[in-house]
Amino acid sequence: MAERRKGCVSLEGEKVILVPYLEAHVPNYHQWMQDPSLLQATASDPLTLHQEYQMQLSWSQDPNKETFIVLDKDLLLGPFSHGQPHLEAMVGDVNIFMNDLDNPHMAEIEIMIAEPKSRRKGLAKESVLMMMAFAVENLGINIFRVKIGESNGASLDLFKKLGFVQTSYSNIFKEVTLELQITQPKNEEMLGLMNIVIKHT
């Protein structure tokens with residue numbers, strides 16, 4: 001089990017490495033979020049660069065949020081070094097929010113592969129599985145929820161293939177909510193799909 005110290009863990013899979021969201025990542029992240037399609041897909045508001053730095057700092061300190069930057073291993077220049085930003089391989093992010101007051105074992109999960117060149121390579125699927133496995137093993141999460149705009153077919157397909165089932169629909173926000181209950185067989189399946197290497201600072 002990994003230690004529960006934010007910002008000290010990287011997770012390595014077959015195709016991706018998940019690293020802590022560092023201050024050095026902010027300019028690239030800010031550039032991504034200038035894209036109207038990404039803002040719409042992530043239900044985000046545009047921020048200034050200064051606001052993005054403030055957001056990164058708040059996320060790094062929030063005990064109810066875990067954020068990792070997704071690195072595409074195909075884009076790494078040289079060997080991976082834990083604690084380095086590896087901006088050249090930065091292609092997206094994956095987050096979980098543990099803010100359900102009624103159920104501390106529930107978390108909302110989000111995934112974004114922002115770089116078009118790294119889409120349709122299975123990076124989102126592996127990143128989600130790795131994040132869920134990490135959260136189950138280290139944070140006591142056993143139910144995952146996603147909220148996805150009905151027009152975001154790629155994300156809906158991804159989570160349905162992972163076993164998420166629709167639990168509600170919002171006419172106001174045109175948003176679908178799906179959930180996945182992690183059973184022991186499901187957890188073993190997730191862990192078996194990847195070889196997670198956990199690195200600490």
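Distance check, rounded to the nearest 0.5 Å: CG of Leu18 to CZ of Phe134 gives 9.5 Å. Separating the CD atom in Gln51 from the CG atom in Asp45 is a distance of 9.5 Å, to the nearest 0.5 Å.
Annotation: salt bridge (charged side-chain N to carboxylate O under 4.0 Å, His left out) contacts involving residues 77-101, sequence neighbours excluded, comprise Asp100-Arg145. Residue pairs meeting the side chain to side chain donor-acceptor pair (under 3.5 Å) criterion with at least one member in residues 70-81, sequence neighbours excluded: Glu12-Lys73, Asp72-Ser118, Asp72-Lys121, Asp74-Lys121.
Tyr21 has its side chain out of reach of Asn95: every pair of non-hydrogen atoms, C-beta onward, lies at least 4.5 Å apart. Using a 4.5 Å heavy-atom cutoff, the side chains of Leu75 and Lys117 are in contact. Phe144 places none of its side-chain heavy atoms less than 4.5 Å from the side chain of Val128. Ile69 places none of its side-chain heavy atoms less than 4.5 Å from the side chain of Asn28.
Note on Met55 and Leu38: same hydrophobic cluster, where clusters join Ile, Leu, Val, Met, Phe, Trp and Tyr whose side-chain heavy atoms are under 4.5 Å apart, directly or indirectly. Side-chain heavy atoms closer than 4.5 Å link hydrophobic residues (I, L, V, M, F, W, Y) into clusters, and following such links, even through other members, never connects Phe97 to Leu47.
Across every non-hydrogen atom of Ile109 and Met131, the tightest pair is CD1-CG, 3.9 Å. Closest non-hydrogen pair, Val19 versus Ser10, comes out as CG1-OG, 3.7 Å. Of all heavy-atom pairs spanning Phe68 and Val9, the tightest one is CE2-O, 3.3 Å.
Applying the side chain to side chain donor-acceptor pair (under 3.5 Å) test to Tyr169 and every residue at least two apart in sequence or in another chain returns Glu150.
Using a 30° and 60° split on the angle between ring planes, Trp59 and Tyr29 fall in the perpendicular class, above 60°.
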